[in-house]
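The structure under discussion appears below in the form of structure tokens.
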Amino acid sequence: MKTIKDLDVRTKRVLMRCGLDMPLDDKGNITDDGRILASLESIKYVLDNGGTLTLMTHMGRPQKLMAKGMSKDEVTKKFTTKVIIKSIIPHLGLSEEDVFFCDDYYSGKYKLADLPDNKLILLENLRFTPGENSKDEDERKSFAVILKEFGDVFVNNDFGIPHRKNTSVYELAKIMDSYAGHLLLKEVTELNNLVENPETPFIAILGGAKVEGKVKMIERLKANPIIIIGAMKYAFDKARGRDVGASLCLGVDTAKALLDSPKKDSIYVVEQDVVVKKTESGFDYYTIRITNGNEPISENEAGLDIGEDALTEIKKRLENSKTVFWNGNAGLSEDEHFRATFKLVEILAGLKDKGVKVVVGGGDSVTALKEAGHTIQEFHHVSTGGGASLAVLSGEKLPALDVLGYY
Ligand code: ADP
Ligand code: MG
């Protein structure tokens with residue numbers, strides 16, 4: 001795979017795909033610019049080495065909202081990439097005048113030769129046209145031809161959607177001289193390291209909702225132990241014959257198969273959990289009950305978190321680790337009554353100073369990490385791709401990497 005480090009950017013205009021889909025407040029201001037920070041190395045690399053840059057990204061799911069009846073004007077207002085300008089220029093020492101915003105390029109009305117050749121060009125939201133992720137290959141290919149106009153070479157620096165054949169990460173790389181950016185390279189290197197040669201002892205902590213989607217990953221990770229938390233725990237509990245009541249419980253057969261395989265020796269399912277009675281409108285918090293992990297959960301109850309003792313046990317097992325991978329919440333952490341996930345984040349954040357490489361992957365896990373008040377700098381690597389990180393760990397061939405010649 002050719003990477004940006006092989007690219008002499010002098011006098012070239014680099015067309016760069018970044019993943020700058022960021023959360024906005026109701027006034028349309030970016031509330032977390034972590035994705036800009038994650039993308040900066042490649043952006044600066046081009047600008048500092050005498051190249052010029054065209055930046056492109058998607059934001060949100062505008063096509064979906066339009067299909068639901070939202071007007072084009074409303075969608076444009078809500079998801080324009082113009083908001084990025086204000087947040088990115090301070091990092092680059094630029095002013096607003098240094099940026100040329102291309103709003104309506106989808107029809108091919110802009111020719112690069114007519115655009116200011118010394119400015120940073122920012123393209124409007126890629127997903128304002130169906131061409132970005134249309135099911136129709138011809139439509140995607142036509143859009144790629146339009147995008148190609150905006151650079152001499154292509155750099156993909158996005159790890160949000162490498163597992164999809166979207167035009168800006170897949171079709172485009174087929175028709176341009178293409179390179180992987182620093183972020184994309186770091187992501188695949190760190191994740192593959194986990195599978196291929198993690199420094200041992202290597203411990204994985206896996207939770208969240210679905211076992212099925214994660215089984216290939218469990219099979220490939222040579223971690224010992226693999227600690228199971230979150231709702232994933234209930235698939236294993238049930239497979240072992242525990243009544244789990246109304247707990248979220250998916251993939252019991254898969255859990256059973258894992259427990260019947262040699263993998264069983266490394267799987268450790270945390271015990272103590274937090275159980276609550278369900279009511280018609282939600283949960284009856286007055287009934288919060290801590291179990292020993294073996295006692296049955298009755299039909300009208302659900303296990304929603306792991307207990308303090310379970311956290312203490314996890315902490316103890318992490319003591320001599322050198323590498324840790326965490327994916328999946330320990331409980332329903334969106335509800336303030338169930339915050340073992342936040343405490344787990346705290347434990348993991350404390351490991352960096354001890355020289356432990358902690359890698360975090362998964363959309364909801366990373367959201368929880370930030371909500372717990374921690375930053376990605378406190379960890380060895382926090383993946384910017386939810387589904388993509390799991391896909392790499394599962395050994396899937398990702399189209400956007402394939403087309404760059406990675407495999
Ligand atoms: P990720 O996106 O990090 O891969 P998942 O999507 O698999 O993680 O799961 C995250 C979700 O799992 C969170 O929304 C969390 O609330 C939920 N969750 C975890 N444990 C439980 C539980 N015991 N009961 C209900 N939901 C849970
Ligand atoms: Mg998720």
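Quick note: residue numbers are just sequence positions, from 1. All ligand and atom numbering here is 1-based and tracks the order in the structure.
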Give me the atom names and distance for the closest heavy-atom approach of F236 to V269.
CB-CG2, 3.7 Å

Using 30° and 60° as the class limits, which term best fits the ring planes of Y106 and F143: parallel, tilted or perpendicular?
tilted

Can you see whether D104 engages Y110 through a side-chain donor-acceptor pair at a distance of less than 3.5 angstrom?
no

Give every protein N, O or S atom lying under 2.8 Å from the Mg ion (ligand 2), naming each by residue and atom.
D364 OD2

Is there a donor in the side chain of S168 and an acceptor in the side chain of R17, or the other way round, less than 3.5 Å apart?
yes

Would you check if there is a donor-acceptor pair between the side chains of E124 and T80 at a distance under 3.5 Å?
yes

For ligand 1, which of its N or O atoms have a protein N or O partner closer than 3.5 Å, and how long is each gap?
residue: ligand 1; atom: 2 (O); partner: G363; partner atom: N; Å: 3.4
residue: ligand 1; atom: 2 (O); partner: D364; partner atom: N; Å: 2.9
residue: ligand 1; atom: 2 (O); partner: D364; partner atom: OD2; Å: 2.9
residue: ligand 1; atom: 3 (O); partner: D364; partner atom: N; Å: 3.4
residue: ligand 1; atom: 3 (O); partner: S365; partner atom: N; Å: 2.9
residue: ligand 1; atom: 3 (O); partner: S365; partner atom: OG; Å: 2.5
residue: ligand 1; atom: 4 (O); partner: K214; partner atom: NZ; Å: 3.4
residue: ligand 1; atom: 4 (O); partner: N327; partner atom: ND2; Å: 3.0
residue: ligand 1; atom: 6 (O); partner: D364; partner atom: OD2; Å: 3.0
residue: ligand 1; atom: 7 (O); partner: A209; partner atom: N; Å: 3.1
residue: ligand 1; atom: 7 (O); partner: K214; partner atom: NZ; Å: 2.8
residue: ligand 1; atom: 9 (O); partner: A209; partner atom: N; Å: 3.1
residue: ligand 1; atom: 14 (O); partner: E334; partner atom: OE2; Å: 2.5
residue: ligand 1; atom: 16 (O); partner: E334; partner atom: OE1; Å: 2.5
residue: ligand 1; atom: 16 (O); partner: E334; partner atom: OE2; Å: 3.4
residue: ligand 1; atom: 20 (N); partner: A231; partner atom: N; Å: 3.0
residue: ligand 1; atom: 23 (N); partner: G303; partner atom: O; Å: 3.1

How about K186 and H381: does a side-chain donor come under 3.5 Å of a side-chain acceptor?
yes

Within 45° of the axis and under 6.0 Å from the centre of the six-membered ring of F100, does NZ or CZ of K119 qualify?
no

Polar contact flag, side-chain donor to acceptor under 3.5 angstrom, E139-S142:
no

Does a donor on one side chain sit under 3.5 Å from an acceptor on the other, for E187 and S383?
yes

